Amino acid sequence: MNTRSLSSVSLNILQLLLQVNFNASVLFVLIASVFSLAGSELFFSNSEELYGPLANNLRLVLLYLCLVQMAVYGFYQFQNNYAGVMFLGAFLLILIISLEFYCSVNQIDIDPNYPQFFLYAGLSHLTYGGICLLRKRDS
């Protein structure tokens, strides 16, 4: 087996693993958003005494994120375009900084699971979109 075919097999396996992780992160974003919107505290603490009137702001962000996630995933599936996946990944990572700014402006503490949630989803989207774009460019 030559080096070229070995690296090709390794990249195929890596792409498959990243695709499974990407699909898992999409499902995780959708499920966590829906549960949070329903008022469940399974993923995030949304207690009224902690956030007060700002609690619904974070729930609305998750609603918009859920809608955007479905739109980008649909676009990715039908058009086989990975740029949208990468842009959403970058947006999710930027959302961590935005959330920190939001907390400092409103002087509230938020559940520490929010930044971890956005970090996982953002990195999953970026790495999968990136490897697919590299593979598409090389072929």
Side-chain angles (χ1 to χ4, degrees):
M1 188 179 254
N2 64 22
T3 332
R4 181 95 171 127
S5 63
L6 183 61
S7 66
S8 176
V9 169
S10 298
L11 281 176
N12 286 339
I13 292 171
L14 178 63
Q15 184 176 359
L16 179 65
L17 291 174
L18 288 174
Q19 182 177 14
V20 168
N21 183 58
F22 167 71
N23 287 321
S25 74
V26 168
L27 284 174
F28 184 60
V29 167
L30 296 176
I31 291 170
S33 298
V34 168
F35 272 67
S36 183
L37 285 170
S40 171
E41 293 190 11
L42 182 62
F43 296 103
F44 308 113
S45 173
N46 289 320
S47 60
E48 193 66 33
E49 63 273 1
L50 179 62
Y51 300 115
L54 300 177
N56 288 330
N57 290 353
L58 294 174
R59 288 183 181 143
L60 283 176
V61 166
L62 289 174
L63 171 66
Y64 295 140
L65 179 61
C66 184
L67 295 174
V68 167
Q69 179 67 67
M70 289 189 303
V72 168
Y73 192 76
F75 182 71
Y76 148 74
Q77 287 290 356
F78 291 117
Q79 299 293 322
N80 210 17
N81 189 331
Y82 305 101
V85 172
M86 288 187 64
F87 283 126
L88 182 57
F91 174 76
L92 291 170
L93 294 176
I94 292 170
L95 200 54
I96 297 170
I97 299 165
S98 302
L99 191 59
E100 294 296 325
F101 178 72
Y102 175 82
C103 293
S104 67
V105 166
N106 293 302
Q107 299 176 349
I108 59 171
D109 292 325
I110 61 157
D111 189 331
N113 290 333
Y114 279 106
Q116 293 172 357
F117 170 74
F118 294 131
L119 180 66
Y120 166 66
L123 288 177
S124 295
H125 284 63
L126 268 178
T127 54
Y128 177 65
I131 192 123
C132 289
L133 281 177
L134 287 174
R135 297 284 305 219
K136 192 174 185 180
R137 186 189 69 185
D138 288 344
S139 59

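Remember, predicted model here, so these are calculated numbers, not experimental data. Positions are given from 1, in the same order as the sequence printed here.
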Pairs flagged by side-chain hydrogen bond (donor to acceptor under 3.5 Å, both in side chains) wherever residues 119-128 is involved - sequence neighbours left out
Asn21-Tyr120, Asn21-Ser124, Gln69-His125, Tyr76-Tyr128

Contacts of Ile97 meeting side-chain contact (heavy atoms from CB on, under 4.5 Å) (sequence neighbours excluded), chain-then-number -> none

Once side-chain contact (heavy atoms from CB on, under 4.5 Å) is applied, do any residues pair with Ala83, and if so which ones, sequence neighbours excluded?
Asn81, Phe87

Nearest heavy atoms of Val34 and Cys66, plus distance in Å:
CG2-SG, 4.5 Å

Can you name the side-chain hydrogen bond (donor to acceptor under 3.5 Å, both in side chains) partners of Gln77, sequence neighbours left out?
Tyr73

What pairs of residues pass the side-chain hydrogen bond (donor to acceptor under 3.5 Å, both in side chains) test when at least one of them lies in residues 83-99, not counting sequence neighbours?
none

Side-chain heavy-atom pair Leu95, Phe117 within 4.5 angstrom cut-off:
no

Distance-only donor-acceptor hits, side chain of residues 12-19, under 3.5 Å, sequence neighbours excluded:
{"unit_1": "Asn12", "atom_1": "OD1", "unit_2": "Arg135", "atom_2": "NH1", "d": "3.0"}
{"unit_1": "Asn12", "atom_1": "OD1", "unit_2": "Arg135", "atom_2": "NH2", "d": "2.6"}
{"unit_1": "Asn12", "atom_1": "ND2", "unit_2": "Ser8", "atom_2": "O", "d": "3.3"}

Under the 4.5 Å side-chain heavy-atom rule for ILVMFWY, direct or indirect, which residues accompany Val20?
none

Apply side-chain contact (heavy atoms from CB on, under 4.5 Å) to Leu133 and list each qualifying residue two or more places apart in sequence or on a separate chain.
Tyr82, Met86

Looking at residues at least two apart in the chain, or sitting in another chain, which of them share a side-chain contact (heavy atoms from CB on, under 4.5 Å) with Leu27?
none

Are the side chains of Leu65 and Phe118 in touch, meaning some heavy atoms are under 4.5 Å apart?
yes

Residues joined to Phe101 in its hydrophobic cluster, side chain to side chain under 4.5 Å directly or through other members, sorted by chain and number, are Val105

